[in-house]
**Q** 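Please find one structure pasted underneath; my questions will follow.
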Amino acid sequence: MSEINIKIGENQKSFPAPLSVAEALKSVDRDLLKKSLAAKVNGAEVDLSYELQPTDEVLSVEPILTETRDGLEVIRHSAAHLLAAAVIDLFPETKLGVGPALMDDPRYGYYYDVIAPRQLTEADLPVIEKKMRDIAKRNLPYRREVIDKNELIKLFTDRNEPLKCELVNEKAGDTATAYYIEDTPFVDFCLGPHVPNTNKLKAFKLLALSGAYWKGDANNQQMQRIYGTAFATQEELDGWLKQREEAERRDHRRIGKELDLFSIQDEYGQGLILWHPKGGAIRMEMENLLKEELKKRGYSFVFTPHIAKRELWRISGHEENYADSMFAPTSIEDEEYRLKPMNCPFHIGIYKASPKSYRDLPQRYSEMGTVYRAELSGTIHGLMRCRGFTVDDAHLFVRPDQVREEVADCLDFAIKVFETYGFDKVKFELSVRGEAENKIYLGADADWENAENSLANALKERNISYERIEGEAAFYGPKIDIKIEDAIGRIWQLGTIQLDFNLPERFELEYTGEDGQKHRPVMVHRALFGSIERFFGVLVEQFAGAFPFWLAPVQITVLPITDRINDYAESVFKELKQAGFRVESNLKSDKIGAKIRDAQIHKIPFMIVLGDKELEENKIAVRERKVGDIGQMSLEEFKVMARKLRETRALASV
RNA sequence: GCCCGAGUAGCUCAGGGGUAGAGCGUUUCCUUGGUAAGGAAAAGGUCUCGAGUUCAAAUCUCGACUUGGGCUCCA
């Protein structure tokens with residue numbers, strides 16, 4: 001039995017041993033081998049150099065092609081090894097940690113964690129990258145070797161690689177696979193597969209340097225992480241870098257400054273947002289949309305304080321589970337108080353203020369509730385992560401039989417709102433209980449089952465496809481998370497619909513049922529944006545500052561061509577203001593080109609250009625920021641059009 | 001909080017042991033020009049703060065604060 005029978009696509013062939021995967025692929029099509037980086041033999045990933053073994057069965061050989069996702073992963077993984085090889089070459093004392101490919105992180109393609117003999121700085125990145133290129137050009141093969149576990153540990157011990165020893169000890173069976181890049185001092189403990197040789201790595205780049213904890217645990221030693229990315233071709237890498245620039249161009253912090261939307265100032269504290277008039281105008285519109293929908297859907301509006309007695313947070317469990325994220329207590333007349341990190345206990349207080357009957361449910365309390373969380377300084381990031389932020393919060397107190405319907409309405413609500421902003425790709429994730437290993441889940445099994453079913457049924461009822469994630473539920477109940485994809489393909493985690501078995505117990509919530517007995521209501525936490533600040537930041541990036549008419553902080557600007565027209569401009573300005581539009585006028589002595597340029601830069605949807613002609617004919621000339629001059633019309637006609645845009649919350653202006 | 005950068009005019013940034021620089025913006029004057037920059041002048045800065053080294057510090061050193069990229073955490 002020395003025959004090797006293989007099947008590649010439709011081709012079935014037999015060869016005498018020995019036969020490598022590369023030879024097998026070549027036998028079918030020479031180009032196929034060129035396009036392949038590795039292969040799958042009966043589904044298992046192997047290198048091209050892998051020797052096929054004679055068996056009775058037919059081996060299915062499937063190439064991993066350059067332009068596939070699997071191929072990209074091989075490239076990135078191999079690039080990570082190349083990075084490590086370069087670092088070791090430059091700094092022989094370096095100890096290696098781990099270096100995976102990143103396939104789902106839009107920012108990076110791979111990293112390697114190292115302990116270098118000295119702290120690396122960003123100035124080292126080009127040097128390391130150059131070394132990577134040098135090694136790549138030498139066209140060195142990646143060589144795989146299966147050796148005895150203890151032998152590999154000895155090898156890493158000799159090389160003074162304690163972290164690698166630790167990994168081999170934990171992960172290897174009796175034998176372990178080691179990878180070399182030939183003729184470099186690099187060895188890794190790794191399953192593979194890799195590209196056959198370094199020449200296959202043509203498009204890679206190092207991007208950033210950061211700290212990272214060994215095994216992701218803050219109690220462990222901090223290492224240095226070097227991030228990079230890699231693609232199959234230079235064109236793809238260039239495209240990706242361009243996309244990255246685009247994201248930078250849309251950065252809400254930059255646009256927020258340019259358009260005077262908000263600021264964060266040292267004197268007031270990091271992570272605390274000052275909303276300027278223009279940001280405030282947008283926020284008002286955001287809140288108005290929510291309020292309209294809340295009213296339609298039977299929510300009531302409640303208002304609660306920013307601070308409460310410490311005892312309240314003891315009852316709610318926040319003192320126990322959430323203290324790290326709360327601002328420290330403050331005292332008055334020997335009573336301790338704490339700023340609120342969440343709104344729920346207050347809404348519970350409203351529920352408890354009077355006894356409830358089954359007829360009173362559901363109770364739906366909503367509030368734009370500003371909360372304060374003591375986020376670590378390093379995590380604060382513009383509007384996306386702050387220490388004071390406003391939750392578009394609501395808590396529903398419902399009977400168990402009402403959960404499905406209430407949740408379904410929350411889903412409708414979410415879809416409606418996100419659609420209005422032009423987010424047509426909304427993703428839902430249902431997080432349910434997993435195998436309770438370390439996690440202790442509160443509540444009875446039957447309750448969990450009912451709750452998970454209610455959530456799943458609500459999703460199914462609305463024909464919403466969703467991803468079910470085991471083990472991601474909070475300890476107090478299952479949830480649906482809402483994520484959206486923005487204009488340049490980034491995913492943002494926003495709101496959540498969360499069932500809670502915990503707080504109703506802790507606060508002993510009740511209602512009197514039809515049977516005259518006391519029952520415990522189910523509590524639903526529900527937020528669509530999560531944080532108004534954060535969602536505002538997402539909107540800034542989504543529209544790159546060019547907000548649709550209904551949201552735009554300045555909707556119209558009036559631009560007279562000469563100062564003979566200023567009076568007419570004033571009257572047009574006043575009339576539009578009267579009609580409730582956010583309008584400005586520019587009476588400076590600039591030429592019209594400069595005024596238009598200024599308005600374009602500020603992304604104002606409509607410019608009204610007024611000259612002698614318009615004055616004579618009592619008309620206005622309208623320019624839309626995207627399409628340009630749209631011609632003359634009467635002010636009345638323009639108002640009708642603008643009103644329609646405002647009322648329908650249209651995304652495009654024409 | 002931890003690791004690596006950065007902090008100079010309202011903004012974007014250059015400079016760098018010995019009078020503080022540019023562009024944009026602002027104000028004023030000239031200009032009254034028809035769809036993305038007309039011209040001129042002026043105002044505007046304890047070079048983040050505090051210590052140290054030095055005859056001399058915005059510049060070098062240390063520390064603090066803020067900020068950017070990450071880690072961790074999360075909305």
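Just so it is clear: chains get the letters A, B, ... in the order the sequence lines come, proteins before strands, and each one is counted from 1.
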**Q** Take atom C1' in C55(B) and the same atom in C13(B), then report the distance between them in whole Å.
**A**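 Looking at atom C1' only, C55(B) and C13(B) are 33 Å apart.
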**Q** Just name whichever nucleotide pairs with A42(B), Watson-Crick or G-U, keeping both distances under 3.5 Å, else none.
**A** U26(B)
**Q** Would you say R468(A) and Y466(A) are linked by a side-chain donor-acceptor pair, where the criterion is simply a distance under 3.5 Å?
**A**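 Side-chain D/A pair, Y466(A) to R468(A): absent.
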**Q** For nucleotides C3(B) and G21(B), find the distance between their C1' atoms and express it as a whole number of Å.
**A** 35 Å
**Q** May I have the distance from Q632(A) (atom CD) to G34(B) (atom P), rounded to whole angstrom?
**A**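 Distance, rounded to whole Å: 15 Å.
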**Q** Quick test of your reading of the model: are E472(A) and K479(A) salt-bridged, counting only N-O distances below 4.0 Å?
**A**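 Answer for the salt bridge query: no.
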**Q** Which residue, F418(A), W492(A), F389(A), forms the ring-ring contact (aromatic ring centres under 6.0 Å, His included) with F535(A)?
**A** F418(A)
**Q** So which nucleotide from A75(B), U35(B), G33(B) ends up closest to the side chain of F389(A)?
**A** A75(B)
**Q** Over all heavy atoms of both residues, which pair between W275(A) and G280(A) is shortest? Give the atoms and the distance, please.
**A** CE3-N, 4.2 Å
**Q** Provide, to the nearest angstrom, the distance between the OH atom belonging to Y322(A) and the P atom belonging to C74(B).
**A** 8 Å
**Q** Provide, to the nearest angstrom, the distance between the CD atom belonging to E258(A) and the P atom belonging to C24(B).
**A**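 Checked: the CD to P distance equals 16 Å.
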**Q** Would you classify A621(A) as touching base, sugar-phosphate or nothing, given that sugar-phosphate means primed atoms plus P, OP1 and OP2, and contacts are heavy atoms under 4.0 Å?
**A** base
**Q** Under 4.0 Å between any heavy atoms, over every strand shown, what does R373(A) touch: base, sugar-phosphate, or nothing? Just pick one.
**A**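 Since a base atom lies under 4.0 Å of R373(A), the category is base.
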**Q** Of F529(A) and I561(A), whose closest RNA chain B nucleotide lies nearer the 5' terminus?
**A** I561(A)
**Q** RNA chain B: G382(A) or L494(A), which has the more 5' nearest nucleotide?
**A**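 Comparing both residues, the 5'-ward one is G382(A).
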**Q** Can you check nucleotides 70-73 of chain B for protein contacts, nitrogen or oxygen pairs under 3.5 Å, and list what you find?
**A**
{"from": "G70(B)", "atom 1": "OP1", "to": "R107(A)", "atom 2": "NH1", "distance (Å)": "3.1"}
{"from": "G70(B)", "atom 1": "O5'", "to": "Y108(A)", "atom 2": "OH", "distance (Å)": "3.4"}
{"from": "G70(B)", "atom 1": "O3'", "to": "Y227(A)", "atom 2": "OH", "distance (Å)": "3.2"}
{"from": "G70(B)", "atom 1": "O2'", "to": "S210(A)", "atom 2": "OG", "distance (Å)": "2.1"}
{"from": "G70(B)", "atom 1": "N2", "to": "Q222(A)", "atom 2": "NE2", "distance (Å)": "3.4"}
{"from": "C71(B)", "atom 1": "OP1", "to": "Y227(A)", "atom 2": "OH", "distance (Å)": "3.3"}
{"from": "C71(B)", "atom 1": "O4'", "to": "G211(A)", "atom 2": "O", "distance (Å)": "2.8"}
{"from": "C71(B)", "atom 1": "O2'", "to": "Y213(A)", "atom 2": "N", "distance (Å)": "3.2"}
{"from": "C73(B)", "atom 1": "O2", "to": "R385(A)", "atom 2": "NH1", "distance (Å)": "3.0"}
{"from": "C73(B)", "atom 1": "O2", "to": "R385(A)", "atom 2": "NH2", "distance (Å)": "2.4"}
{"from": "C73(B)", "atom 1": "N3", "to": "R385(A)", "atom 2": "NH1", "distance (Å)": "3.3"}

**Q** Which nucleotide, in any strand shown, forms a Watson-Crick or G-U wobble pair with G34(B), with both distances under 3.5 Å?
**A**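 Pairing partner: none.
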**Q** Using atom CG of N586(A) as one end and atom C1' of U35(B) as the other, report the distance to the nearest whole Å.
**A** 14 Å
**Q** Does G21(B) have a Watson-Crick or wobble mate here (both distances under 3.5 Å), and if so which one?
**A**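 When the pairing criteria are applied, C13(B) turns out to be the nucleotide that pairs with G21(B).
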**Q** Between A40(B) and G25(B), how far is it from one P atom to the other, in whole Å?
**A**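 Going atom to atom, P in each nucleotide, I get 13 Å.
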**Q** On a whole-Å scale, what distance lies between the C1' atoms belonging to G5(B) and G39(B)?
**A**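 Approximately 42 Å lies between the C1' atom of G5(B) and that of G39(B).
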**Q** Which of these nucleotides, C3(B), G33(B), A37(B), is closest to any side-chain atom of Q224(A)?
**A** C3(B)
**Q** Kindly point out which of U32(B), A75(B), U35(B) is positioned nearest to the side chain of T562(A)?
**A** U32(B)
**Q** Please report the interatomic distance CG(N566(A)) to OG(S585(A)), rounded to the nearest 0.5 Å.
**A** 8.5 Å
**Q** Describe the nucleic acid contact of L207(A) in one word from base, sugar-phosphate, nothing, applying a heavy-atom distance below 4.0 Å.
**A**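 Contact class for L207(A): none.
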**Q** To the nearest Å, how far apart are M326(A) CE and C74(B) P?
**A**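 For the pair M326(A) CE and C74(B) P, the rounded distance is 16 Å.
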**Q** Could you tell me whether the phosphate oxygens of U12(B), OP1 or OP2, come under 4.0 Å of any side-chain nitrogen or oxygen in K257(A)?
**A**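 K257(A) to U12(B) OP1/OP2: side-chain N or O found under 4.0 Å.
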**Q** Rounding to an integer number of Å, can you tell me how far L102(A) CG sits from G69(B) P?
**A** 18 Å
**Q** Would you please indicate if the ring centroids of W313(A) and Y322(A) are separated by under 6.0 Å?
**A** no
**Q** Between E293(A) and Y299(A), does the side chain to side chain donor-acceptor pair (under 3.5 Å) criterion hold? Intermediate values first, please.
**A** CA-CA 9 Å; E293(A) 288 297 319; Y299(A) 285 74; over 6 Å; no
**Q** Is any side-chain N of the basic residue among R250(A) and E541(A) closer than 4.0 Å to the acidic one's carboxylate O?
**A** no
**Q** With syn defined as a glycosidic angle within 90° of 0 and anti as the rest, where does U19(B) land?
**A**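 The base of U19(B) is oriented syn (glycosidic angle within 90° of 0).
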**Q** Taking only the C1' atom of each, what is the distance from U61(B) to C24(B) in whole angstrom?
**A**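 Comparing C1' positions in U61(B) and C24(B) gives a spacing of 36 Å.
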**Q** Determine, using ring centers only, whether Y372(A) and H306(A) are less than 6.0 Å apart.
**A** yes
**Q** When rounded to the nearest Å, what value does the distance between P atoms of G50(B) and C65(B) take?
**A**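 My reading of the P atoms in G50(B) and C65(B) gives 15 Å.
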**Q** Hunt down the Watson-Crick or G-U wobble partner of G50(B), both distances under 3.5 Å, from any strand shown, or write none.
**A** C62(B)
**Q** Which one, A36(B), G34(B), U31(B), comes nearest to the side chain of R597(A)?
**A**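 In terms of side-chain proximity for R597(A), the closest of A36(B), G34(B), U31(B) is A36(B).
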**Q** Is it the case that the base of G34(B) and the side chain of E614(A) share a donor-acceptor contact (distance under 3.5 Å, atom types as modelled)?
**A** yes
**Q** So is R225(A) actually on top of Y111(A)'s ring, under 6.0 Å and inside 45° of the axis?
**A** yes
**Q** Looking only at heavy atoms, which two atoms of C410(A) and L396(A) are closest? And how far apart?
**A**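 Closest heavy-atom pair between C410(A) and L396(A): SG-CD1, 3.9 Å.
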**Q** Please report the distance separating the C1' of U48(B) from the corresponding atom of G38(B), rounded so that it comes out in whole Å.
**A** 39 Å
**Q** Taking the C1' atom of each, how far is U28(B) from A43(B), in whole Å?
**A**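 U28(B) and A43(B) have their C1' atoms separated by 10 Å.
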**Q** Taking the six-membered ring for Trp, are F536(A) and F529(A) closer than 6.0 Å centroid to centroid?
**A** no
**Q** Checking contacts here: which listed nucleotide (A36(B), U12(B), U26(B)) is nearest the side-chain heavy atoms of K588(A)?
**A** U26(B)
**Q** Do any N or O atoms of the protein come closer than 3.5 Å to N or O atoms of nucleotides 65-67 of chain B, and which pairs are they?
**A**
{"from": "U66(B)", "atom 1": "OP1", "to": "Q270(A)", "atom 2": "NE2", "distance (Å)": "3.1"}
{"from": "U66(B)", "atom 1": "O2'", "to": "D266(A)", "atom 2": "OD1", "distance (Å)": "2.8"}
{"from": "U67(B)", "atom 1": "OP2", "to": "Q270(A)", "atom 2": "OE1", "distance (Å)": "2.5"}

**Q** Establish, yes or no, whether a centroid distance under 6.0 Å links the rings of F581(A) and F573(A).
**A** no
**Q** Pick base, sugar-phosphate or nothing for G611(A), based on heavy-atom distances below 4.0 Å to the nucleic acid.
**A** base
**Q** Contact class for D324(A) (heavy atom, under 4.0 Å): base, sugar-phosphate, or nothing?
**A** nothing
**Q** Take the protein atom CD1 of I592(A) and the nucleotide atom P of G34(B), then report the distance between them rounded to whole Å.
**A** 10 Å
**Q** Please state how far atom NZ in K591(A) lies from atom C1' in C30(B), giving the value in whole angstrom units.
**A** 14 Å
